[in-house]
Amino acid sequence: MPCRSLIRVYPDSYTLSATLRACSTGSLIRPGQQAHALAITSSIAGDPLVSTRLIDMYFSCHLPVVAALVFDSAPPLALKNQVLWTMFITGLTKNGETRTAMERFHSMRALDIESNQFTLSTVLSACASERALRFGFQVHGYAVRMGVGSSPFVQSSLVSLYSKCSDFSSAKRVLETSNLDDPVSWNALIVSCARGALHEDALSLFAEMHHQGLPLDEFTYPSTLNSASSTGDIGSGRCIHCLILRSGFDSHMHVGNALVDMYAKLGSFDCARRVFNEMLERDVVTWTSLLVGLARQGLHDVALQLYSTMRAHRVEPDEFATAGALSSCAGSTALELGRQVHAASVRCGLETFLSVTNSLVTMYAKCGSINDACGVFDASTCRDAVTWTALIVGYAQNGRGRDSLRLYDAMLFSGIRPDYVTFIGLLFACSHFGLVESGRAYLESMEKVYHIIPGPEHYACMVDLLGRSGRLEEAVELLERMGVESDATMWKSLLAACRVHRDVLLAERAAQRLFELAPEDAVPHVMLANVYCAAGRWADVARVRSLMRARGVSKEPGWSWMEGGGAVHAFRAGDRGHPRAADIFAMVAEMMQRIKKEEGYKAETGFALHDESEEGKAAELAHHSEKLAVAWGLITSPFGKPIRVYKNLRVCGDCHAALKLVAKVYERVIILRDANCFHHMREGTCSCGDYW
DNA sequence: ATAGGGTTAG
């Protein structure tokens, strides 16, 4: 057997520590493991110096379990080492294992290993994450006994702990004894104020820092700006922006992000854009801040353009960007794009985030794709009240009141507490289904069992519920005795009920209130005209029309649109602007002919706006935007696929009746979302139960 | 050798 002589160089612990430190800095797991192996073959893995660096390396590579294995297998001598323990507890805290960090600190004390300011600041920050105020108090006392109570690191951790636990007086007491030149404690306090919605306090702390001449740093500004935008005070926001520019902190990305966020939240998109454009580097937060700001102002299409620009810049969306984009898809009913964002979120493993799940359910429900909403819900592993509520509301809006209420029972069964919005969904479902008694019971349990005070949205649903079921007097009574001020939505519900139940007198009363509440709104005028129309009071119809002219209110033009082939096709009434207008009008003619012949359809000319002959009215109705859009759907979308149409106003009564028959004759499902709810039309019936 | 505070959501 030939003897191969190998010259092996065994590294010493200093060399290996240096290598491991490099692996930690770069989160390099493979070289880190090789160094670990080398430490074992060199018999120096148990050296306290090496163990410390090994643990640090595994934590930096986000492998807390391996780090714990290394720690627990360290030799007894190393386990007496204060630094090794500190490193281990710090690593646990940084990896979010704050509970374990506290437990390990407890063991450290039990083994009589002393702590220093390094250990204690970390442990206090773990306590802060766990909101463990009592344990934190004990650590505070121990820190004082160990003589490190005045270390700026310990003090800032204490301020953070107390303020996160809302013990602001203790936080301020620590702050008053702290080193004046250190802004970290102040920053911690400002952050907690901002998180706890104490925005005025946050701003005055900032002012005090500034007044005392304390150094402000790149951590001070983001949370202060957050409070400035939350108070809606653009003046102080601009002042802070000036300070940032003068001190040069605008070069920090977090500060720039906070500025973009503030201006976007306050609706100053020019300023937000300018900061955005001038930033030296941007990350996903920069883009998301702008996107969410746009979405909040209802500028969903711009937000979605921004999302695709972000993707084009190869910025990977995270769960916040994804949730924001999905919420804009919901806001502009962009189902196709929503599906793409959904697919991308699955590819990136983001769909398990609660925020993404919630916005997916909401997006599908608001786009009328309730089965997809249901699918996301069923596949989700983590649900909160928002998840359940999104589907409860979704079912209700899509005309599935029973499923909505059934889901609420399941929600209670799974131990999730309903919130304010849940009850809006439930009452909406009840009004949809005409369940007067259930509605009353939900309203009562909301107050008595869950101690949630009903707001205008709940009363609006109740008025609608009572009105629909013909209990008009009761509805009026509720409007007068409820604890909140009546608003236009509630009176509109009542007016709609008056139209259905032909109560002209009450309709006039409701309309009068609406003219006072929202004089420039055309809808009440049109609804009142419809009431007169149904009662055959043509002179009054004409009077309302001239009133509208005199007041200069005009009906918002109705338009309908549908997605297809990656584009949106939009139609106005009588619109011949589409490149294939001839085909569309031919299809409308065919549609109307077939439903007349096969289903005995007759135009409901009461819904025609202009005074003309009966034939003229019928022709006007036939070219309403929703009929044009459905015709386009029949031409372009394959058989078997639902035709999805969206309308900005409520669907007109004649279109509703006609399209139900179109769905039957053409054996197609038509899903029409109007300003009020979804209409799932199939085989001649509609999910709204003909009341909307 | 070891330490503290930040921006984005439904």
Side-chain angles (χ1 to χ4, degrees), chain A residues 13-14 17-18 20-21 24 47-53 55-56 81-91 93-94 115-126 128 148 151-161 163-164 178 182-192 194-195 217-226 229 249 252-262 264-265 283-293 295-296 317-327 330 353-363 384-387 389-390 393 419 421:
Chain A
S13 55
Y14 293 100
S17 297
L20 284 166
R21 185 190 283 278
S24 297
D47 181 285
L49 204 68
V50 175
S51 300
T52 305
R53 297 263 58 105
I55 288 166
D56 183 34
N81 188 305
Q82 188 187 43
V83 177
L84 183 71
W85 277 89
T86 303
M87 184 58 110
F88 184 50
I89 291 171
T90 304
T93 307
K94 281 189 177 155
S115 300
N116 56 18
Q117 69 271 36
F118 295 90
T119 328
L120 292 171
S121 50
T122 285
V123 170
L124 285 166
S125 116
V148 296
S151 146
F153 287 90
V154 171
Q155 284 190 330
S156 56
S157 302
L158 281 168
V159 172
S160 173
L161 165 75
S163 56
K164 271 185 185 159
S178 76
D182 188 20
V184 180
S185 298
W186 289 80
N187 293 345
L189 193 52
I190 291 176
V191 155
S192 294
R195 293 234 169 107
D217 67 8
E218 73 271 28
F219 286 81
T220 319
Y221 291 110
S223 34
T224 309
L225 287 168
N226 191 359
S229 65
F249 279 108
H252 288 267
M253 190 170 61
H254 281 312
V255 177
N257 287 351
L259 281 169
V260 171
D261 177 59
M262 178 192 70
K265 269 190 189 143
D283 68 355
V284 66
V285 179
T286 326
W287 292 87
T288 309
S289 299
L290 195 52
L291 188 150
V292 169
R296 278 200 192 186
D318 63 359
E319 70 273 26
F320 292 99
T322 304
L326 286 169
S327 119
F353 281 95
L354 185 58
S355 55
V356 174
T357 302
N358 290 348
S359 34
L360 278 170
V361 175
T362 309
M363 183 275 292
D384 68 355
V386 177
T387 329
T389 302
V393 173
D419 65 13
V421 188

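As the structure is a prediction and not an experimental result, all values here were calculated from the model.
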Quiz item: Can you list the residues that meet the side chain to side chain donor-acceptor pair (under 3.5 Å) rule with T288(A), with sequence neighbours excluded?
Solution: none
Quiz prompt | With sequence neighbours excluded, residues passing side chain to side chain donor-acceptor pair (under 3.5 Å) with T286(A) | solution = N257(A), D283(A)
Quiz item: What is the per-nucleotide protein-contact pattern of nucleotides 3-10 of chain B, from the 5' end, where B denotes a base atom under 4.0 Å from a protein heavy atom, S denotes such proximity for sugar-phosphate atoms only, and - denotes neither?
Solution: BBBBBBBB
Quiz item: Which is true for N81(A) with a 4.0 Å heavy-atom rule: it touches a base, it touches only sugar-phosphate, or it touches nothing?
Solution: base
Quiz item: How would you list, by chain and number, every residue that makes a ring-ring contact (aromatic ring centres under 6.0 Å, His included) with W287(A), sequence neighbours excluded?
Solution: F276(A), H313(A)
Quiz item: In chain order, what residues pass the ring-ring contact (aromatic ring centres under 6.0 Å, His included) check against F249(A), with sequence neighbours excluded?
Solution: Y221(A), H252(A)
Quiz item: For the pair made of CG in L84(A) and P in dT2(B), what is the distance, rounded to whole Å?
Solution: 13 Å
Quiz item: Mind checking what makes side chain to side chain donor-acceptor pair (under 3.5 Å) contact with T357(A), not counting sequence neighbours?
Solution: none
